[in-house]
2 protein chains.
Amino acid sequence: MGLAGIDASPRGAGESVWHPERDQIELTCVLHALSDPMRLRIVSELAAGEARTCKSFDLPVVKSTCTHHFKVLREAGVIRQQLLGTTRVNTLRRKDLEARFPGLVDAVLRGACR
Amino acid sequence: MGLAGIDASPRGAGESVWHPERDQIELTCVLHALSDPMRLRIVSELAAGEARTCKSFDLPVVKSTCTHHFKVLREAGVIRQQLLGTTRVNTLRRKDLEARFPGLVDAVLRGACR
DNA sequence: GCCAATGTACGAAGATCATCGAACTTGATA
DNA sequence: TATCAAGTTCGATGATCTTCGTACATTGGC
């Protein structure tokens, strides 16, 4: 599932962590990523607003656990993480997900708000 | 997640195993149930056709593993299992899922066929 | 240059999961 | 009645997952 492989070009405001390409996003991985309440909450909040840093989510777990959940979401192709100074800015990969699995994210988000 | 509780009325052609009510179906459970390739395959085949017995799926695992996967799907509210003689007839709970999470199953199935 | 803030990496602990094999139950059938 | 076929139940095993704590890296500001 998560293979870093060779990543080059560390930069300031761009990418430097591995993300799957749009075509590499797998349905089972996305479903698994979304099947955890904490991660579903992250995605919901991310869908509601704009780009958010990891810390701006007030999750009831320690930092390293946050890192884990954001990593699962990123490697599944659900979110994109961009380096900005000492923080990571998270965004939902709406377009990519919509292109690959039309209607899925909307249906999940609608169900998550219940 | 899966609690049998008190189940009464064993019958011939009806239910006798526990199923969640429509309102009890939880999004995270459904997503988790669908996040396994084997179970996704079961659901896809079930969506394509009619009611199917467990054995009619030619899954590459032993019987007890099949039982496990069907149980996960049933307890998540994805499928319904009805006793018919010595077999279990499986159907997709399309209406219930559609009522609770509109568009979700269709989106997943569309993505599963890829 | 030093320090605080944001986050990662690593290892460990406990829980859950997928899989198997063997024994069992139940209904149909020869 | 004895047997067979479809499934379940139970225990075990190895893998994966969630969580934590500690140490480390990087950046921005004093």
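Letters go in sequence order (proteins before strands), and every chain restarts at 1. What you see below is based on every heavy atom in this structure, not just the backbone, and it leaves out hydrogens, waters and symmetry mates.
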Starting at atom CG of B/D58, determine the distance to atom C1' of D/dA6, rounded to an integer number of angstrom.
-> 15 Å

In terms of hydrophobic clusters joined by side-chain contacts under 4.5 Å, are B/L84 and B/L46 together?
-> no

Pairing residues for B/T53 by the side chain to side chain contact (heavy atoms under 4.5 Å, CB included) criterion, not counting sequence neighbours | B/K55, B/S56, B/T87

Ring pair (Phe, Tyr, Trp, His ring centres under 6.0 Å) partners of B/F70, counting only residues at least two apart = B/F57

Send over the distance from A/R52 CZ to C/dT6 P, rounded to a whole Å.
-> 14 Å

Any idea which heavy atoms bring B/A51 and B/T91 closest together, and the distance?
-> CB-CG2, 3.6 Å

Of the listed D/dT8, C/dG7, D/dC20, the closest approach to the A/K55 side chain comes from C/dG7

Those residues that, when tested against A/R88, pass salt bridge (Lys or Arg N to Asp or Glu O under 4.0 Å) (two or more places apart) | none

Is a side-chain donor or acceptor of B/Q24 paired with a backbone partner of B/E21 at a separation under 3.5 angstrom?
-> yes

Residue A/R88, side-chain atoms from C-beta onward, closest of D/dT8, C/dT8, D/dT27 | C/dT8

Where along residues 33-42 of chain B does a heavy atom fall under 4.0 Å from DNA chain D?
-> none

For residues 100-108 of chain A, which side-chain N or O atoms pair as donor and acceptor with protein atoms under 3.5 Å away, sequence neighbours left out?
{"unit_1": "A/R100", "atom_1": "NE", "unit_2": "A/R22", "atom_2": "O", "d": "3.4"}
{"unit_1": "A/R100", "atom_1": "NE", "unit_2": "A/I25", "atom_2": "O", "d": "2.6"}
{"unit_1": "A/R100", "atom_1": "NH2", "unit_2": "A/D23", "atom_2": "O", "d": "3.4"}
{"unit_1": "A/R100", "atom_1": "NH2", "unit_2": "A/I25", "atom_2": "O", "d": "3.2"}
{"unit_1": "A/D106", "atom_1": "OD1", "unit_2": "A/R94", "atom_2": "NH1", "d": "3.4"}

Looking only at side-chain atoms of A/V61, point me to the closest of C/dA5, D/dA6, D/dT19.
-> D/dT19

Could you state whether A/L109 and A/I79 fall into the same hydrophobic cluster, counting links through intermediate Ile, Leu, Val, Met, Phe, Trp or Tyr residues with side-chain heavy atoms under 4.5 angstrom apart?
-> yes

Comparing A/V62 and A/T86 on DNA chain D - which has the more 5′ nearest nucleotide = A/V62

For atom CG of B/N90 and atom C1' of D/dA6, their distance in whole Å = 12 Å

Taking N and O atoms by type only, does the side chain of A/T87 place a donor or acceptor under 3.5 Å from a partner on the base of C/dT6?
-> no

Looking only at heavy atoms, which two atoms of B/L27 and A/G111 are closest? And how far apart?
-> CD2-C, 3.7 Å

Among residues 63-74 of chain B, which residues get a heavy atom nearer than 4.0 Å to DNA chain D?
-> B/K63, B/S64, B/T67

